[in-house]
Protein chains: 4
Amino acid sequence: MKKKAVPSMVKDQQLVKKRREQMVKGAVRLFIEKGFHRTTTREIAKESGFSIGTLYEYIGSKEDVLYLVCDAIYEEVRDQLVSQLDTEAVGIDRVKKAIAAYFRVIDHLQDEVLVMYQEAKSLPKEALMYVLQKEVEMTKMFEDIIRDYVAEYRIDLSEEEIKLMSHNILVQGHMWTFRRWAIRRLYTLEEYTKLQSEQLLSPLTTVSN
Amino acid sequence: MKKKAVPSMVKDQQLVKKRREQMVKGAVRLFIEKGFHRTTTREIAKESGFSIGTLYEYIGSKEDVLYLVCDAIYEEVRDQLVSQLDTEAVGIDRVKKAIAAYFRVIDHLQDEVLVMYQEAKSLPKEALMYVLQKEVEMTKMFEDIIRDYVAEYRIDLSEEEIKLMSHNILVQGHMWTFRRWAIRRLYTLEEYTKLQSEQLLSPLTTVSN
Amino acid sequence: MKKKAVPSMVKDQQLVKKRREQMVKGAVRLFIEKGFHRTTTREIAKESGFSIGTLYEYIGSKEDVLYLVCDAIYEEVRDQLVSQLDTEAVGIDRVKKAIAAYFRVIDHLQDEVLVMYQEAKSLPKEALMYVLQKEVEMTKMFEDIIRDYVAEYRIDLSEEEIKLMSHNILVQGHMWTFRRWAIRRLYTLEEYTKLQSEQLLSPLTTVSN
Amino acid sequence: MKKKAVPSMVKDQQLVKKRREQMVKGAVRLFIEKGFHRTTTREIAKESGFSIGTLYEYIGSKEDVLYLVCDAIYEEVRDQLVSQLDTEAVGIDRVKKAIAAYFRVIDHLQDEVLVMYQEAKSLPKEALMYVLQKEVEMTKMFEDIIRDYVAEYRIDLSEEEIKLMSHNILVQGHMWTFRRWAIRRLYTLEEYTKLQSEQLLSPLTTVSN
DNA sequence: TATGAATGAGCCTTCATTCAT
DNA sequence: CATGAATGAAGGCTCATTCAT
């Protein structure tokens, strides 16, 4: 799925990139604070440091801002995750470290991730599809890591179980943000990571009773 | 936390109850279709079968409708869950059956649950607190079930692990709705229930390798 | 061609009619003064005696106001014309009196007619078609009158000439408004009517040299 | 009445002329397509082949473009008309040929003439006066031609009748454009010219019955 | 001279809420 | 109690015009 083209009246691509970065930064702050629907385009422009007219030089509609925000957050999450993956780790340790890295990234970008989680549904259908595709790709990253491990150590785990485990990892990452009102009272990130890892990976490291 | 009082101009409590039921029914349909923010009060009134003036005889603001909707959905989920719990089951079977019952209820009310998940954040703070409290109570239901089992069978599971497991159950139930775009392609409800159960309960039924 | 339905949120048809009459009255005043495009919906609402919100209870868009205005002007012109037609007149006198009546009506409604002339082009296609249809009908009225005369007195005038004569009458009526900057300096309405009548009807009353 | 001065930041008169010609050409195309109010200055600049900044180097406001357009169209109509006038014709034939030439020019420039007819009203007062002056001059051209004929052949036609006849010629020319939705279905240009000529000139060529 | 990014006043339209009947 | 017409603040977006480069 190709990146949806957000229309811009400005030709200088360098400038477009810069302005959209400002815009995303400002919009995220506002969406975190009050949500997409309660944020006005004027507020976004102001928070981004330019006028309403200028805002519309770089987007076609308010929904485009949401799309840019979601896209940027996904990119950021994936980039940070990739840069934190320990490429030297082997065995179950590799899986554990991937999960830990992922949770760390989510924790680091918790506000952003939460925004995306709560507002992506307001995207127009096509843009939503594109964003969900990103989620699919991220799920596949974990599938691959698990599948590698399963293959190498001849673990008895079906393809379905691998896929589900991967989904669970993703969701438990998000859960750290959207359930933080309950969970952060109970655990630190390290504790959460350790407990979830053990739980998640229990099928990989135990034998049935 | 006490149920938040939604103001009504009408004295007859019987009538208030009836009208609000109509209202919730209508609103849920609309929120499922287009979300809270894109639904107008006029539409809610119409879908509920009365006029906009009448709508405001039974609520104080649009947000009250959302609150009533969330509240009703929680009640419904809890009621259905309670009625489906197999009170005769014992051992790990009791836990499994509780999970299965919960997932069944979620599946049955998937649209409603999804709406609540996506829109609750738009509630005013106080109302949100109240709704989250309901979530806490539901989590506690599962905590209790697990704790009973752990106690009886002297499983080596800490209080923190019990709480987390309970949260995971809840979230995996919701996940069946908010990730259905991916998950329903892979599993039927029965498969999903089975796989998640095994995974979730693996710490209760296996011994470390 | 059926009358285009202008959407209204208000059910009471009596009220709709009344409010739209206010609206047309106010809008005509403004369109005369500054044209359709330079008139804002707020101004229309204010001039009509109600709020902007109320305005939109009775129309779907600004263009609807223009449509209502054009429609109302046509109705008015036709009604006044019909009521002024001398049904007892016979011979060339009947034609002359019809022209005179028409010019009188145009003079009476000159501002309105001018507005319609200048702004109708801004109507959406469908509405424009409807309005042009009204113009066609009015042209036919004169065709019929001329045709009757031609038939009765066995005048040597082809169908094409009849049609063209009718168009010329219509346009010379409008000309009294859109060329008034030049023509009203030269003639009173009576003089204009007399001269144009003679000129127009010369093919009916003379023999070729 | 002197030509209204349109302000320009550019000194080189040669260049000013060239750019304004580009501009008029582009603007006419756009005005024909969507009218003056629905055309943006950006579009005019683009269609003219330069940037919005450059556009404003050669005009002071959007209305200046309309003025330049109207002025150019008038010039064009007059130039073409003058070049087509048969200076050798005599008698009634001279008048007929002038009318035919005029109608031919109008037909040739029908889109342009229509634009001018529909949009001139949006000119600021002073510019409108200037444009109307051009119309007066054109009317006088026909007055003169008719007056010559009337004088030479001692036709019984008052000065008022001459003036009105001239206005009618002008308007019937325009009518070929603004009523084309009805008239072009009925007549070819040649038929229209012939019929209107006969009708118009009937007072010059017939004797009263 | 030419460019095009920036500006912000202002436009059309929506919709939660009120209140007279 | 029920109705629905009226209200107007507020929102998304456009576009003529300016000005630094």
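Excluded from the calculations below are hydrogen atoms, water molecules and symmetry mates; all remaining heavy atoms, backbone and side chain alike, are included. Letters A, B, ... are given to chains in the order of the sequence lines, protein chains preceding strands, and every chain is numbered from 1.
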5′-ward residue of the pair B:G53/A:F36 relative to DNA chain F: B:G53

Close side-chain approach of B:E119 and A:K121, heavy atoms under 4.5 Å: yes

Exercise: identify the closest heavy-atom pair between D:H37 and D:K62: O-NZ, 3.8 Å

Nucleotide nearest B:D12 when distance is taken to its side chain, options F:dT18, F:dG4, F:dC1: F:dC1

Sugar-phosphate only, base, or nothing, as touched by B:M9 at under 4.0 Å among non-hydrogen atoms: nothing

Atom-pair distance (CD1 on D:I44; P on F:dC15), nearest Å: 12 Å

OP1 or OP2 of F:dC1 under 4.0 Å from side-chain N/O of B:Y58: no

Sugar-phosphate only, base, or nothing, as touched by B:S8 at under 4.0 Å among non-hydrogen atoms: nothing

Most 5' of A:T54 and C:R19 on DNA chain F, judged by nearest nucleotide: C:R19

Paired nucleotide for E:dT21 [Watson-Crick or G-U wobble; both distances under 3.5 Å]: F:dA2

Side chain to side chain, C:D71 and C:V131, heavy atoms closer than 4.5 Å: no

Proximity to the side chain of D:L15 - top-ranked nucleotide from F:dG4, E:dT1, E:dA5: E:dT1

N/O (side chain, D:Y56) to phosphate O (OP1/OP2, F:dT17) under 4.0 Å: yes

Any side-chain heavy-atom pair of A:I44 and A:M23 under 4.5 Å: yes

Nucleotide nearest A:S61 when distance is taken to its side chain, options F:dC13, E:dT1, E:dA5: F:dC13

Distance in angstrom units between D:K62 NZ and F:dA16 C1', rounded: 8 Å

Side chains of C:I59 and C:S8 in contact at under 4.5 Å (non-hydrogen atoms): no

Along DNA chain E (nearest heavy atom to each residue), the more 5'-positioned of A:R42 and B:G60: A:R42

Polar side-chain contact C:R38-E:dG10 base: donor and acceptor under 3.5 Å: no

Sugar-phosphate only, base, or nothing, as touched by C:K46 at under 4.0 Å among non-hydrogen atoms: nothing

Atom pair distance, as rounded to whole Å: CD1 in C:I52 and C1' in E:dG10: 13 Å

Nucleotide F:dA16, atom P - distance to CG of D:L66 in whole Å: 13 Å

Whole angstrom value for the distance that separates P of E:dA5 from NZ of A:K18: 13 Å

Distance below 4.0 Å between A:T41 side-chain N/O and F:dG12 OP1 or OP2: yes

Integer-rounded Å distance: F:dG8 C1' and C:E57 CD: 12 Å

Phosphate OP1/OP2 of F:dG11: any A:T40 side-chain N/O under 4.0 Å: no

Candidate nucleotides F:dG4, F:dT17, E:dC12, ranked by approach to the side chain of B:S51 - the nearest: F:dG4

Watson-Crick or G-U wobble partner of F:dA10, both distances under 3.5 Å: E:dT13

Interatomic distance, C:E112 atom CD to C:F31 atom CZ [nearest 0.5 angstrom]: 12.5 Å

Contact nearer the 5' end of DNA chain E, comparing A:G49 with C:E63: A:G49

Spacing between C:D64 atom CG and E:dT13 atom C1', to the nearest angstrom: 13 Å

Between F:dG11 (P) and A:E43 (CD): distance, integer Å: 7 Å

